[in-house]
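Heads up: the structure comes next, in structure tokens.
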Amino acid sequence: SRGLGDVYKRQGYHQVNGRFTLRNADSSWRIALFGENLADEAIAYEISSTGIRFGRPRTIGLEFSYQYGGAWK
């Protein structure tokens with residue numbers, strides 16, 4: 001028997017993530033398009049007496065980085 005404080009955790013799941021990065025010749029700047037949880041799976045990873053916790057929803061973003069004076073190490 002389980003009490004109110006018990007937690008049920010889902011074991012193992014898969015997400016589709018991706019990242020595409022472009023850099024200039026000396027690598028002083030880079031731009032990246034990324035996506036996380038691209039299939040937008042609603043994954044319940046914890047169920048307890050206080051509710052259900054879900055993973056992050058689909059996230060898509062663009063990053064730009066510039067390294068003044070030289071390349072990224």
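A quick note: this is a predicted structure, and the numbers were derived from the prediction, not measured.
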**Request:** With rounding to the nearest 0.5 Å, note down the distance linking OG1 in T59 to CZ in F34.
**Result:** 7.0 Å

**Asked** What heavy-atom pair brings L38 and R58 nearest, and what distance separates the two atoms?
**Response** O-NE, 3.0 Å

**Request:** Quick one: pull up CG in N24 and CD in Q67 and give me the separation to the nearest 0.5 Å.
**Result:** 11.5 Å

**Prompt:** Is there a side-chain contact between R19 and E63, using heavy atoms and a 4.5 Å cut-off?
**Reply:** yes

**Asked** Is there side-chain contact between W29 and R23, with heavy atoms separated by less than 4.5 Å?
**Response** no

**Fill in**
F64 and I31 have their tightest heavy-atom pair at CD1-CB, 4.1 Å

**Least distance between heavy atoms, A32 atom then T21 atom** = CB-OG1, 3.6 Å

